[in-house]
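By convention here, the first residue in the shown sequence is residue 1. Counting starts at 1 for both ligands and their atoms, in listed order. Remember, it's a predicted structure, so these values are computed and weren't measured experimentally. Scope of the values below: all heavy atoms of this structure, side chains included, with no hydrogens, waters or symmetry mates.
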Amino acid sequence: MPDSRINTFLTLQGQTNESPYLIDVAKAEGIYIWDKSGKKYMDMIAGVAVNNIGHRHPEVIKAIQTQLDKHLHVMVYGEYIQDAQLSIAENLASILPETLSCSYIVNSGTEANEAAIKLAKRYMGRQEIISCKNSYHGSTHGSLSVTGNDEKQSSFKPLLPNVQFIEFNNIESLNVITEKSACVIIETIQGDAGLIKPTQEFITALREKCTETGALLIFDEVQVGMGRTGRLFAFEHYNVVPDILTLGKALGGGMPIGAFISSEDIMHSLTHKPMLGHITTFGGHPINCAAANACINVLKEENWVAEAESKGQLLASILSDSPQIKEIRRTGLFLAVEMESEEKVAQVVEKCLEKGVIGFWFLSTPTAFRLSPPLSITEDEIKKAGEIILSCLDNS
Ligand code: PLP
């Protein structure tokens, strides 16, 4: 890559980290990304749990092209009736429990969480918010306020007041939830914490405590939703339904989108006191809704969600041969490979990149190597990627 291109990237583009990957992207298709030199990479992170149906799925491209020929933005969210918005609302209602029938489409995962918290405060007329230690809910002020990570929060204080943190999987800490609590926001399976699953006892007790106190239960499935865990939604593993669900990332089939979803009764409290309780100019953009709609249809038609468990098992079993690995935590086709140190993870990531396999770490858990490939990956591709990763693990 010419130095001037790297220099432009590093100086004219806002940076988020001191050592970015610097893959100079030419194109992407299925599970592959090609750089400008023609090097082909297996994308084993799916743009961080976004491209669950692979890059540029033909149905997504077709839906975008069809919508392009009809209209782009015509009006702020919620005023005009638009085919693409109606279809996504119907489609989401068709795959979710009856109490999650009403969806509001926004621009990102963090906006979905911001809006879900506002909705809970408005509906309940309460101010306190409960969240979990070691959680991640997004980077804007409201979502950061409920992100249980001191390091991420400290430079941006003051944040929202009245936020209390409980411990994930600690039933006793649920006593913090009271009649004063508007809501509990929690990742159904903690992602950024390095993939921590809830115990059935914890999640059942959490649902019961919320019902008992009236606090609304918000499941943040921005990262684990849309089939990643082997079910369309992670909460389906636990037989517990939230009052509000938030989605993002994989929902758009590669286009930017978020959603917060509840019953009609809860949602429509945003229409008064004040009117326009949450507004967004571009939320529900027709192109993004058309893409999301196509993405849901693909997930319904293909068997990829059902296959996520066996594919995840296959990948884990290949890697488990390495003595470098301390532990593999996994749900469906989402793996956290715990290593001895942050440095080891950085070495493996680098070696894998050299050999054309893209892996990543976890924001708050740099000692774990992240694998979340497209669900469309084949068994042969898993074997190939697994063997390459294994060789990098054992040579780092
Ligand atoms: N919630 C969870 C659980 C996430 O993992 C993320 C992003 O990684 C977000 C919210 C924020 O989503 P976005 O980056 O689209 O704002």
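At the shortest separation from atom 1 (N) of ligand 1 among protein heavy atoms lies D220 OD2, 2.7 Å. The single protein non-hydrogen atom nearest to atom 8 (O) of ligand 1 is K249 CE, 3.1 Å, given as residue, atom name and distance. Closest to atom 9 (C) of ligand 1 among all protein heavy atoms lies V222 CG1, 3.7 Å. Counting protein heavy atoms only, atom 4 (C) of ligand 1 is closest to Y136 CD2, 3.7 Å. In terms of protein heavy-atom proximity, atom 5 (O) of ligand 1 is nearest to Q223 NE2, 3.1 Å.
Using a 4.0 Å cut-off to heavy atoms of T110, the atoms of ligand 1 that qualify are 11 (C), 12 (O), 13 (P), 16 (O).
Looking at residues two or more places apart in sequence or on another chain, you find a salt bridge (Lys or Arg N to Asp or Glu O under 4.0 Å) between E29 and R56.
Classification of the F168-F202 ring pair by plane angle, with boundaries at 30° and 60°, yields tilted. Using the six-membered ring where Trp is involved, H57 and W304 have ring planes that are perpendicular, over 60° apart on the 30 and 60° scheme. Ring pair H285/F282 is tilted by interplanar angle, where 30° to 60° counts as tilted.
Of the charged side-chain nitrogens involved, at least one lies within less than 4.0 Å of a carboxylate oxygen, so that R207 and D243 count as a salt-bridged pair. A salt bridge links R329 to E338: at least one charged side-chain nitrogen sits closer than 4.0 Å to a carboxylate oxygen.
For the pair D192 and ligand 1, no heavy-atom separation below 4.0 Å is found. Heavy-atom separations between E111 and ligand 1 are all 4.0 Å or longer.
Heavy atoms of E187 found under 4.0 angstrom from ligand 1 belong exclusively to the side chain. Counting heavy atoms under 4.0 Å from ligand 1, residue N113 touches it through the side chain alone.
Dense packing is recorded around NZ of K39, with more than 12 heavy atoms of other residues, nucleotides or ligands lying under 6.0 Å away.
Taking a distance limit of 4.0 Å, we find that atom 15 (O) of ligand 1 is approached by some protein heavy atom.
Formation of a donor-acceptor pair under 3.5 Å by the Q15 side chain with backbone atoms of F9 is found in this model.
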